[in-house]
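As structure tokens, the structure follows; a few thoughts come after it.
Hydrogens, waters and symmetry mates are skipped; everything else that's a heavy atom, side chains included, is used. Numbers here simply count residues along the sequence, with the first being 1. Note that this is a predicted model, so its numbers are computed, not measured.
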Amino acid sequence: MTPIHIALAVLVTFIWGVNFTFIAWALESFPPLMLTALRFFFTAVPLVLFLKPPKFNRTLFIYAIGTFVMQYAFVFTAMHLGASAGLTALLLQVQIFITVLLAFVILGEAVSRMQIIGMVVGVLGLGVIALNLGGDMPLVGFICILIAAIGWSFGNIASKQASTQQSTSNISTALPVNSNNKASNKTSALSALALVVWGGLIACVILTLSSLLFETEAWQLATFTQASLKSWLSLGFIVYISTLIGFGLWAHLLAQNTASKVMPFALLVPIFGMATSVLFTGEVVTWWKMLAMMLILSGLILANLKIGLGRKAVLT
């Protein structure tokens, strides 16, 4: 990777780490399902008017439901119930272990001995958090984040299948797929962005209906007029900086470099997430949080991403 690509990779992971603090601030004014629906409404509109939709099939819907609906609805709910931004950023990374297992079961991909060791070490980190539930990680929040990680993992598998389908389509239309070809890179990045935008539109519909059902009282004008400026600015960061700019840069990096070079930078997300939560929300760093972080990050390093998950593996 070139120095500029390395700098961009660090910048994106910093954006995604900080994003958890902005989520906490946005939740001060909006309930979790409504906030998630708003996120994907503004992610999709108006870009759906300009981006060619991907093929509407089961893969797209699994991606939208797993990556967007399940992941973010449960993450936002967990933080609404008291889970801290730093611990949420850390715990959510167990999706990588779950994805490895799903890739083995669903796609028949090999699991190395080192990946198994990494998963065992990561589970020990989960155990440390589980033994210290309460305070800034309530039991319900812990369960919600695990459900979110499972949803994200199914979304990862779907995004991998969607990328494979896109590559097959490129070959069938004689579009060069060489990573050094600028036209191929642009097409790949636009296809990835279209998947997020149109998947976000699907998620917005589902999440809006869910919010209307479970958060009926929140759907009144006062919710929007009385929302603080900090919450509105946080929503803007979540949509435009974290989702669109962050994802666009990440897609560009993956189009220009191999996934094995780019994906390890994702390990910085929980570090930035914990650090910014401590600085801006007053989260207290305890010995068990540091131990859990060391175990989970060590497990991620050992098991790290030889599963080629494509462009969407770390969207936050």
* Asked: Under 4.5 Å between any side-chain heavy atoms of Ile147 and Ile143, yes or no?
  -> yes
* **Check: Ser211/Glu215 side-chain N/O donor and acceptor closer than 3.5 Å** => yes
* To do: Could you tell me whether a side-chain N or O of Trp16 sits under 3.5 Å from a main-chain N or O of Gly246, the two making a donor and an acceptor?
  => no
* Does Gln93 reach the main-chain N or O of Leu90 with its side chain, forming a donor-acceptor pair under 3.5 Å? -> no
* Would you check if the side chain of Lys289 reaches a backbone N or O of Val284 as a donor-acceptor pair within less than 3.5 Å? => yes
* Backbone N or O of Gln95 within a donor-acceptor pair of the Thr99 side chain at under 3.5 Å? -> yes
* Test item: Leu244 and Leu47 side chains (from C-beta on) under 4.5 Å apart, heavy atoms -> yes
* Compare all side-chain heavy atoms of Ile157 with those of Ser153 and state whether any distance is below 4.5 angstrom. => no
* Above 12 or not: heavy atoms from other molecules or residues under 6.0 Å from CZ of Phe142? -> yes
* **Minimum heavy-atom distance Phe76-Arg39, with the two atoms named** => CZ-NH1, 3.9 Å
* Structure fact -> Taking every heavy atom of Met137 against every heavy atom of Thr88, the minimum-distance pair comes out as CE-N, 4.3 Å
* **Crowding at CD, Gln220 (>12 non-hydrogen neighbours, <6.0 Å)** => yes
* Start with the C-alpha gap between Leu297 and Ile271, add the side-chain angles, then the distance that decides, and say whether side chain to side chain contact (heavy atoms under 4.5 Å, CB included) holds. => CA-CA 9 Å; Leu297 291 181; Ile271 296 175; 3.7 Å; yes
* For the pair Phe22 and Phe237, name the ring-plane relationship: parallel under 30°, tilted 30 to 60°, perpendicular over 60°. => parallel
* To do: Answer yes if the side chains of Ser231 and Ser228 hold a donor-acceptor pair under 3.5 Å, and no otherwise.
  => yes
* To do: Would you check if Trp219 and Thr208 make a side-chain contact, meaning some heavy-atom pair closer than 4.5 Å?
  => yes
* In sequence, state the C-alpha distance, the side-chain angles, and the governing distance for Leu146 and Phe74, and then conclude on side chain to side chain contact (heavy atoms under 4.5 Å, CB included). => CA-CA 9 Å; Leu146 291 182; Phe74 280 99; over 6 Å; no
* **Thr13 side-chain N/O to Val10 backbone N/O, donor-acceptor pair under 3.5 Å** => yes
* Heavy atoms, side chains only, cut-off 4.5 Å: are Val18 and Phe272 in contact? -> no
* Indicate, with yes or no, if Leu35 and Val205 share a hydrophobic cluster defined by side-chain heavy-atom contacts under 4.5 Å among Ile, Leu, Val, Met, Phe, Trp and Tyr. => no
* Structure fact -> To the nearest 0.5 Å, atom CZ of Phe20 lies from atom CE of Met274 at 11.0 Å
* Which heavy atom in Ala203 sits nearest to a heavy atom in Ala64, and how many Å separate them? -> CB-O, 4.3 Å
* Working to the nearest 0.5 Å, report the span between CG of Leu249 and CD1 of Ile241. => 10.0 Å
* Are the side chain of Thr243 and the backbone N or O of Ile238 linked by a donor-acceptor pair below 3.5 Å? -> yes
* To do: Kindly indicate whether the side chain of Ile296, heavy atoms from C-beta on, has any atom under 4.5 Å from the side chain of Ile129.
  => yes
* Asked: Can you name the nearest heavy-atom pair linking Val75 to Ala148, along with the distance?
  -> CG2-CB, 3.6 Å
* Asked: For the side chain of Thr276 and the backbone of Gly273, is there at least one donor-acceptor N/O pair under 3.5 Å apart?
  -> yes
* To do: Indicate, with yes or no, if the rings of Phe40 and Tyr72 have centres closer together than 6.0 Å.
  => yes
* **Common cluster, Val48/Tyr240, ILVMFWY with side-chain heavy-atom separation under 4.5 Å** => yes
* Structure fact -> Nearest heavy-atom contact between Ser277 and Ala85 is OG-CB, 3.7 Å
* To do: Using the six-membered ring wherever Trp is involved, compare the ring planes of Trp25 and Phe280 and label them parallel, tilted or perpendicular (cut-offs 30° and 60°).
  => perpendicular
* **Option from Val100, Leu124, Leu300, Ile98 for which side-chain contact (heavy atoms from CB on, under 4.5 Å) with Met119 holds** => Val100
* Do Phe30 and Trp232 touch side chain to side chain, with heavy atoms closer than 4.5 Å? -> yes
* Compute whether any side-chain donor of one residue and acceptor of the other, for Ser84 and Glu283, lie under 3.5 angstrom apart. => yes
* For atom CZ of Phe224, is the number of surrounding heavy atoms from other residues, nucleotides or ligands below 6.0 Å larger than 12? -> yes
* To do: Please test Val196 against Phe68 for side chain to side chain contact (heavy atoms under 4.5 Å, CB included), starting from the C-alpha separation and ending with a verdict.
  => CA-CA 9 Å; Val196 170; Phe68 294 158; 3.9 Å; yes
* Asked: Checking side chain to side chain contact (heavy atoms under 4.5 Å, CB included) for the pair Cys144/Val140: CA distance, chi angles, key distance, verdict?
  -> CA-CA 6 Å; Cys144 283; Val140 178; 4.2 Å; yes
* **4.5 Å side-chain heavy-atom contact, Leu92 and Gln71** => yes
* Structure fact -> Closest non-hydrogen atoms of Gly118 and Leu302, given as atom of the first, atom of the second and distance, are CA-CB, 3.7 Å
* Asked: Given the rule that I, L, V, M, F, W and Y join up when any side-chain heavy atoms are under 4.5 Å apart, are Leu207 and Leu81 in one cluster?
  -> no
